[in-house]
> 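Dropping a structure here in structure tokens format, bear with me for questions.
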Amino acid sequence: MTNSTALRAGRREWTAFVVLLLPLLLVSMDVSVLYFAIPAISRELDPSSTQQLWIFDIYAFALAGLLITMGSLGDRIGRRRLLLIGATAFGIASVGAAYAQSAEMLIGARALLGIGGATLMPSTMALVRNMFTDDKQRSQAIGIWSGAMAAGIALGSVMSGVMLNHFWWGSVFLINVPAMLLLLILVPVLVPEFKDPAPGRFDLVSVPLSMGAVLPVVYGLKEMAAEGFSLAMALCIAAGLAVGALFVRRQRSRTDAMISRELFRGRVFGSGIALNTIAAFAMLGSAYFTTQYLQSVLGMGTMEAALWSLAPSLAVGAAAPTATAVGQKTDRAYVIAAGFLIAAVGFALLTLTGTDSLRMLLAGAAVIGCGIVTVMALISDLALASAPAEKAGSAASLLETGQEFGGALGMAVLGSIGTAVYRADLTDSVPRGVPAEAVGTVRETLGGAAAVAGQLPDRLGDSVLGAAREAFTHGMQLAAADAGVLLLAAAVLAAALLRQAPAAEGAPDAELVDAH
């Protein structure tokens with residue numbers, strides 16, 4: 001039910017909300033904006049294979065590693081102030097990336113983009129929590145926020161392709177600059193400042209501990225998703241978990257902890273983070289297969305694949321606002337459970353996808369996206385509403401860190417299942433006539449099989465590629481079945497853990513600093 005004592009947001013707040021969507025779109029777009037630019041960057045800057053990987057990954061690593069720190073910092077110095085600092089850094093880094101003269105310079109600029117992104121993400125969500133105190137309006141705003149984040153990731157690769165058709169590779173970064181300038185002009189005018197009135201000291205020791213907990217785990221999971229299981233990456237993940245245990249212990253023992261114990265007093269916040277992590281697991285895990293399927297199974301070019309991948313976004317864009325409207329009329333635990341069930345149906349459609357099933361794949365991706373965005377929108381609203389308003393920055397950063405973990409875990413686990421099935425299927429089915437030295441490459445990845453097939457006579461190459469595509473699709477089907485089972489379990493957990501959760505727990509509001 002709507003909180004009758006809360007002030008309803010007016011035109012000013014909704015206008016400010018539209019402005020806050022700018023950094024959200026840009027940060028999520030920067031995850032995928034390099035998909036088309038890498039060939040041009042490789043020609044211009046001649047990065048090594050290791051440098052190319054870091055050009056891609058350093059942004060996500062910096063973003064994930066600093067979310068907790070920046071959320072806590074925003075609670076202390078003011079969320080609007082941190083947003084403006086982050087927007088400035090993001091704009092400067094975008095210019096630096098656009099005009100990078102070396103691979104090292106581009107890696108450094110991408111790292112600064114990640115640091116800026118880590119300030120923008122929790123700040124925007126926390127400000128939404130503070131500006132919309134009416135339950136119904138806050139739910140609507142967070143629903144739109146969740147849909148915009150999903151749309152930004154899908155738009156990033158397409159925008160990259162469009163820009164590269166007309167300009168040089170650095171233009172994909174310059175998209176950010178006018179938006180950040182607009183943000184720096186409008187935010188001081190439209191967005192009030194909020195911060196914790198009694199934050200305590202900032203715990204500097206917890207900064208490296210939080211990074212040491214997050215980064216090794218995310219890095220290890222991403223590497224396993226790309227290269228398969230290795231002892232080194234398993235040890236990397238174990239080291240991160242060990243540091244994470246030290247970080248949690250420190251948070252429990254300090255009165256000025258970076259993560260307040262108040263956030264976990266009720267069952268809603270902790271349960272919300274766990275379920276949100278599962279949702280991200282499903283979303284990124286499915287994307288791992290669908291993007292490869294479009295290009296490597298159906299043989300689409302990168303731009304064509306990116307445009308087709310936008311099709312499910314049309315349905316996804318309407319899912320979050322619809323879910324929030326339904327959630328206002330019934331117990332949101334059941335709507336969240338329904339979102340998990342819808343996503344499970346989407347994975348069931350993927351299990352029916354053959355090697356020439358574009359419509360089935362897009363339908364499955366659309367249904368998964370609708371279900372997961374429903375879950376994320378409602379869980380984000382529930383979790384933020386259950387947190388004290390003065391801790392909204394920390395709450396938002398924990399939600400987003402959980403999403404980073406979930407996404408990396410989804411690609412690693414589901415990708416490993418798909419890879420294991422692919423290799424098992426090709427153990428005895430590589431066509432005769434393939435040179436012995438190339439058989440290992442064919443069995444390693446679908447991309448490797450395609451490269452080998454291109455060097456073979458037409459009929460033999462087609463046989464190799466056909467067998468590899470069948471094996472990849474079989475792996476996707478089994479991984480989708482496993483993901484569907486997980487989501488069915490998540491639906492049961494959501495209904496049990498979040499049932500009759502309060503819209504808000506009546507915590508005192510954060511300090512509003514009059515800045516107008």
Side-chain angles (χ1 to χ4, degrees), residues 32-40 42 52 56 153-162 164-165 225-226 284-313 346-347 349-366 368-369 411 414-415 417-419 421-426 429-435 438-480:
S32 55
V33 77
L34 284 185
Y35 285 172
F36 293 150
I38 278 295
S42 296
Q52 184 169 306
F56 260 113
I153 295 173
L155 283 171
S157 57
V158 176
M159 182 66 72
S160 171
V162 171
L164 288 169
N165 279 340
L284 272 295
S286 66
Y288 175 88
F289 289 102
T290 55
T291 53
Q292 290 189 73
Y293 182 94
L294 291 172
Q295 295 181 75
S296 298
V297 176
L298 297 183
M300 292 182 180
T302 312
M303 187 64 183
E304 183 184 5
L307 289 172
W308 274 114
S309 68
L310 274 181
S313 301
F347 277 106
L349 293 177
L350 290 189
T351 67
L352 303 175
T353 301
T355 55
D356 189 19
S357 306
L358 175 61
R359 291 182 180 178
M360 185 67 76
L361 180 93
L362 294 179
I368 290 170
M411 289 189 291
L414 297 185
I417 293 171
T419 299
V421 174
Y422 174 87
R423 292 172 180 171
D425 284 3
L426 287 179
S429 61
V430 176
R432 293 181 179 180
V434 177
V439 171
T441 303
V442 172
R443 291 174 177 166
E444 190 67 22
T445 63
L446 177 56
V452 170
Q455 299 171 1
L456 298 173
D458 289 346
R459 181 173 296 180
L460 180 57
D462 290 344
S463 296
V464 169
L465 199 52
R469 287 170 172 170
E470 287 281 357
F472 176 87
T473 303
H474 186 209
M476 179 179 74
Q477 291 167 348
L478 290 185

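We count residues from 1, following the sequence as given. Bear in mind that the values here come from a model prediction, so they are computed numbers and not experimental data.
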> Using the side chain to side chain donor-acceptor pair (under 3.5 Å) rule, collect all pairs that involve residues 468-480, keeping only residues at least two apart or in two chains.
Asp425-His474
> Find out whether Asp356 and Val297 are in side-chain contact, i.e. whether some heavy atom of one side chain is under 4.5 Å from a heavy atom of the other.
no
> If every non-hydrogen atom of Ala449 is compared with every non-hydrogen atom of Tyr422, which pair is closest and at what distance?
CB-OH, 3.5 Å
> Would you compute the distance between atom OG1 of Thr419 and atom CG of Leu414 and round it to the nearest 0.5 angstrom?
10.5 Å
> Rounded to the nearest 0.5 Å, what's the gap from CE on Met476 to CD1 on Ile417? Could you check?
13.5 Å
> If you count the non-hydrogen atoms of other residues, nucleotides and ligands that lie under 6.0 Å from CG in Asp462, is the total more than 12?
yes
> Is Leu358 close to Trp308 at the side-chain level, that is, under 4.5 Å between some pair of heavy atoms?
yes
> Of all the heavy-atom pairs spanning Leu426 and Ala467, show the shortest one and how long it is.
CD2-O, 3.8 Å
> For Ser357, what residues pass the side chain to side chain contact (heavy atoms under 4.5 Å, CB included) criterion, not counting sequence neighbours?
Tyr293, Thr353, Met360
> Could you check whether any side-chain heavy atom of Leu349 comes within less than 4.5 Å of a side-chain heavy atom of Ile368, counting everything from C-beta outward?
no
> Specify the closest pair of heavy atoms between Ala480 and Thr351, including all atoms of both residues, with the distance to one decimal.
CB-CG2, 3.9 Å
